[in-house]
Every structure is written in structure tokens, then in C-alpha cells.
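Each chain gets a letter, A, B and so on, in the order its sequence line appears, and its residues count up from 1. Just so it is clear, the structure is predicted and the values come from calculations on it, not from any experiment.
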Protein chains: 2
Amino acid sequence: MDDKRTGTRDRLLRAGEGLFRTQGYSGTGLKELAQTARAPWGSMYHFFPRGKEQLGEEVVAYAGEIYLGAWQAAFRRGGDPGVAIERVFLAEARLLAGSDYRDGCPIASVTLDVASVSEPLRAACASGFEVWLDAIAQGLIAAGAPADDAKALAGFILSAMEGAIVLSRAAKDTAPLLQSARFVRQAIEREAAGWLPPS
Amino acid sequence: MDDKRTGTRDRLLRAGEGLFRTQGYSGTGLKELAQTARAPWGSMYHFFPRGKEQLGEEVVAYAGEIYLGAWQAAFRRGGDPGVAIERVFLAEARLLAGSDYRDGCPIASVTLDVASVSEPLRAACASGFEVWLDAIAQGLIAAGAPADDAKALAGFILSAMEGAIVLSRAAKDTAPLLQSARFVRQAIEREAAGWLPPS
DNA sequence: GTCTATAATACGATAGAC
DNA sequence: GTCTATCGTATTATAGAC
């Protein structure tokens with residue numbers, strides 16, 4: 001099963017994820033993508049017969065699964081949920097600065113490029129985000145949140161994160177991520193106070 | 001001076017703003033843009049001799065100025081700053097749903113497409129966001145916020161807004177904007193409690 | 001499953017007439 | 001300031017040999 005991670009098809013998905021992050025879906029050519037993946041051009045339409053749109057859908061789903069683990073790991077490390085989420089923001093700030101502000105969110109990039117142009121791709125983006133939203137909500141529920149509170153809070157948390165990445169990339173500065181981290185943590189803690197008996 | 005708003009050059013800027021919103025910078029061709037603006041192809045390089053990059057820079061600056069008024073108007077209508085900002089989120093939700101989730105943020109779209117590819121365009125996006133951040137911070141300062149609190153809070157507010165637009169467009173649902181609106185308002189009110197003498 | 005070649009089109013950009 | 005024509009190049013996608 002591990003060989004799936006080294007095959008040509010998987011290299012194409014990983015290259016797509018990387019390129020969509022830095023230059024978006026429309027800004028990435030398939031030839032360039034195949035070259036980056038060190039994959040033969042013939043493999044492109046062998047593995048993705050429906051072309052760029054299919055590749056985009058699968059790259060987005062791939063990205064959704066990959067970063068699902070990061071959200072789950074944040075909660076698994078324990079501590080209150082506010083601190084857990086703040087850790088994710090700080091980790092993202094480090095990751096972004098470490099890549100010279102290239103490695104943004106591949107799903108957000110695809111969304112802004114083609115959500116209004118390709119309905120299948122828009123749906124793929126919605127599903128990818130949903131995977132993360134569910135993971136965040138699950139983490140909050142495990143910390144004592146009622147289900148509907150958890151859903152709403154998760155939407156807010158991921159929104160703040162995605163927007164902060166955009167602003168940080170534009171400014172080439174982690175400030176928006178760090179600023180958002182603090183307020184998001186406080187918002188979670190304020191909400192969590194209602195879940196548990198007051199000390 | 002008003003004729004600037006009806007000239008060919010201005011029609012090109014407005015068309016660029018609209019198209020970048022719905023299909024991003026890389027996804028928009030210059031021929032398509034000129035056609036949308038009902039501008040002759042010859043005008044493209046007459047008004048923007050440096051080509052697409054220059055057009056992009058000016059579209060982003062144009063968008064920055066346009067929406068500056070919306071942020072200022074929100075605070076000018078009075079009420080506490082939390083309610084003022086919540087109004088902007090709700091207005092954006094209406095605008096987005098009313099356009100069938102096409103009219104996102106043009107600066108965010110350009111940022112994700114080319115922030116890591118064109119340094120001049122990245123700087124233009126940073127300046128555009130900065131215009132909005134300053135307007136938000138000024139509104140908060142007018143409501144009693146210390147300058148550095150205002151800056152940080154503004155970064156958080158705009159991050160939440162931009163991210164919520166991305167999620168709402170992907171889901172074709174205003175939920176992320178509405179969810180974020182509530183938590184952002186609460187965060188502002190919580191912060192504002194420290195600026196004024198407790199009632 | 002890979003390779004080469006190529007079709008058909010769109011891209012950004014330029015030239016020169018008017 | 002506009003119009004038309006066009007140059008290279010890059011794009012997505014196919015075809016057919018191996």
C-alpha cells in the first residue's frame with residue numbers, strides 16, 4: 001500500500017498540491033506540473049483521462065486528507081481547545097515564513113480561481129474544507145462543546161485561518177496569523193467557559 | 001473629473017476587478033477582459049504599456065480605494081464598533097449570495113495567484129489590504145482603542161472576513177460569513193470593554 | 001505505462017495603418 | 001486613441017508507436 005506514495009500518479013498529485021499552493025490552479029500548466037513531478041507527459045492523461053479538471057479534483061481531495069492529520073494531531077496533544085487551535089496557527093506561521101510565504105492553502109487557491117467556473121471543482125473544494133471543518137468540530141465536541149456550537153465555531157476558526165494566510169502572504173509577514181491566533185484562542189476560551197461548570 | 005469614470009481606461013479597470021473576482025488573475029485573459037469592458041483591443045496596451053502586470057497592479061489599487069468607502073461608512077453609521085463590523089460581514093453575505101457566490105475579493109484572488117510569482121503585484125496586494133486595515137484601525141481608534149490594539153484587531157477582523165468569503169464561495173453558503181460575524185463581533189466587544197470604563 | 005509528435009486553441013505582446 | 005493583423009509561445013488535449 002505504501003507504493004502508492006512513490007508511484008507516478010502520486011507524484012503528480014503532490015506536484016499539483018505544491019504548484020497550486022504557490023501559483024494557483026489557473027496559473028499552473030500541466031506540462032510544468034508533469035515536469036515538476038518528474039512524470040512522463042504520457043502519464044498525465046493516462047492517470048487523469050478527464051484532464052486538468054480531474055487532476056484538480058483529486059489534488060484538492062488529496063490536500064484535504066493530508067492536512068486532516070494536522071488538525072487531529074493538534075487536539076490529540078491535549079490541553080484546552082483554545083491552546084490547541086492557537087498551536088495550529090503558530091505552526092502555520094512558521095511553515096509560511098519558512099517557505100518564504102509560498103506555501104499557502106491549495107484548496108483556497110483553487111476555490112478563488114474556479115469555484116464560479118467549474119461546478120465539479122467547486123464541489124471538490126467544498127468537500128475538502130468540510131473534512132477540516134468536521135475534524136475541528138470533532139475536536140471541540142471532545143472538549144465538551146455542543147454539536148451546533150462546535151460547527152459554528154469551526155467555521156469561524158477555519159475562516160480566520162484561511163484569511164490570515166492570504167493576508168500574511170500578501171504582506172510577507174506573519175503578523176496577520178499571529179494576531180488572529182490570539183483572538184481566535186480567546187474566542188474559543190470564552191465559548192468553552194459555557195461548556196464546563198464555572199470554576 | 002467625472003469623465004474618468006466612463007472612459008475606456010476606467011472601463012478596463014472595472015472589468016478587471018469583476019473578472020479577477022470571479023475567475024482570478026491567471027484565469028482571466030486580456031482579450032476577454034477588453035471584450036467585457038467593450039474596449040478596443042488597441043486600448044489595452046495604450047493605457048497599460050507594461051501589459052497585464054500593470055493592469056493587475058492598477059486593478060488592485062482601484063479595488064482598494066473602492067471598498068475603502070464601505071469600511072469607513074460602516075463606522076460612520078455609529079453604534080459600537082462590534083456592531084459596525086458585524087454589519088459589514090452581513091452586507092458581504094448578502095452581496096455574495098446575491099451574485100450566486102461569484103463576487104469574491106479581487107485582491108485575495110490576485111494574491112493567491114501571483115504573490116509568489118510577481119513581486120510588484122504582491123506589493124500592490126499588500127498595499128490594497130493595508131488601505132483597508134488602516135480604515136478599520138482608524139474606526140477602532142475613533143471608538144476608543146489604543147493604536148496598537150487597533151492594528152492587531154484590524155488584522156484579525158480582515159483575516160476572518162477574507163477567509164469567510166473563501167469558505168462561503170466554496171460551500172455556496174453564507175454560513176461561514178454569518179458564523180464569523182458573530183464571533184468577530186463578540187471579540188471586538190470583549191476587547192472594547194477594556195477601552196472604556198466598565199459600566 | 002511511457003514516449004513523441006502534433007492538433008487546435010488561447011495566451012501576452014507588438015507593429016503599423018489610420 | 002483606435003483598429004486590424006500577426007508574431008511567438010504556451011495552453012489543454014489527442015493520436016499512435018512502442
Side-chain angles (χ1 to χ4, degrees), chain A residues 2-20 22-60 109-110 113-114 116-122 124, chain B residues 2-20 22-60 109-110 113-114 116-122 124:
Chain A
D2 272 3
D3 53 359
K4 286 184 67 180
R5 302 214 190 94
T6 56
T8 300
R9 184 189 157 88
D10 201 72
R11 286 208 311 282
L12 287 169
L13 290 178
R14 277 210 301 271
E17 192 230 334
L19 290 172
F20 291 174
T22 67
Q23 48 185 20
Y25 176 84
S26 303
T28 301
L30 293 183
K31 286 223 165 79
E32 174 191 18
L33 200 157
Q35 197 169 356
T36 302
R38 283 185 302 276
W41 173 241
S43 305
M44 190 83 249
Y45 285 85
H46 172 73
F47 290 113
F48 307 98
R50 275 180 22 249
K52 193 180 188 181
E53 193 172 59
Q54 180 183 4
L55 175 81
E57 290 171 28
E58 302 205 24
V59 165
V60 165
S109 295
V110 176
D113 272 352
V114 291
S116 306
V117 175
S118 160
E119 174 58 21
L121 265 173
R122 193 228 97 226
Chain B
D2 274 3
D3 55 359
K4 287 183 67 181
R5 300 212 190 94
T6 56
T8 300
R9 184 189 157 87
D10 201 72
R11 286 208 310 282
L12 287 169
L13 290 178
R14 278 210 300 270
E17 192 230 333
L19 289 172
F20 292 173
T22 67
Q23 48 186 15
Y25 175 85
S26 303
T28 301
L30 291 184
K31 289 220 165 79
E32 174 191 18
L33 200 158
Q35 197 169 353
T36 302
R38 284 187 301 276
W41 172 242
S43 305
M44 190 83 250
Y45 285 85
H46 172 72
F47 290 113
F48 307 98
R50 273 180 23 247
K52 192 180 189 182
E53 193 171 59
Q54 179 183 3
L55 176 81
E57 291 172 27
E58 301 205 23
V59 164
V60 165
S109 296
V110 176
D113 272 352
V114 290
S116 306
V117 175
S118 160
E119 174 59 21
L121 265 172
R122 194 228 96 227

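- The shortest non-hydrogen separation linking A/Val60 to A/Ala124 is CG1-O, 3.4 Å.
- Taking 4.0 angstrom as the limit, B/Thr8 places a side-chain polar atom (N or O) nearer than this to OP1 or OP2 of D/dT2.
- A salt bridge links B/Glu119 and B/Arg122; the closest N-O separation between the charged side-chain nitrogens and carboxylate oxygens is under 4.0 Å.
- Annotation for A/Ser26 and A/Val114: closest pair OG-CG1, 4.4 Å, computed over non-hydrogen atoms.
- Atom C1' of nucleotide C/dA13 and atom CG of B/Leu55 are separated by 14 Å, given to the nearest angstrom.
- Atom NZ of B/Lys52 is separated from atom C1' of D/dA10 by 13 Å (rounded to the nearest Å).
- Remark: C1' of D/dT12 and CZ of A/Phe48 are 15 Å apart, rounded to the nearest angstrom.
- Under the 3.5 Å distance criterion, the side-chain polar atoms of A/Ser109 are matched with a main-chain donor or acceptor of A/Phe20.
- Rounded to whole Å, the distance from CD on B/Glu53 to C1' on C/dC11 is 16 Å.
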**Request:** Show the numbers, then the answer: is there a side chain to side chain contact (heavy atoms under 4.5 Å, CB included) between A/Phe48 and A/Leu13?
**Result:** CA-CA 10 Å; A/Phe48 307 98; A/Leu13 290 178; 3.8 Å; yes
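- Listed here is the closest heavy atom pair of B/Thr8 and B/Ala39: CG2-CB, 3.6 Å.
- Taking atom CG of B/Leu19 as the reference point, atom P of C/dC11 lies 11 Å away to the nearest angstrom.
- In the region residues 27-45 of chain A, proximity to DNA chain D at under 4.0 angstrom, judged on heavy atoms, holds for A/Thr28, A/Gly29, A/Leu30, A/Lys31, A/Trp41, A/Tyr45.
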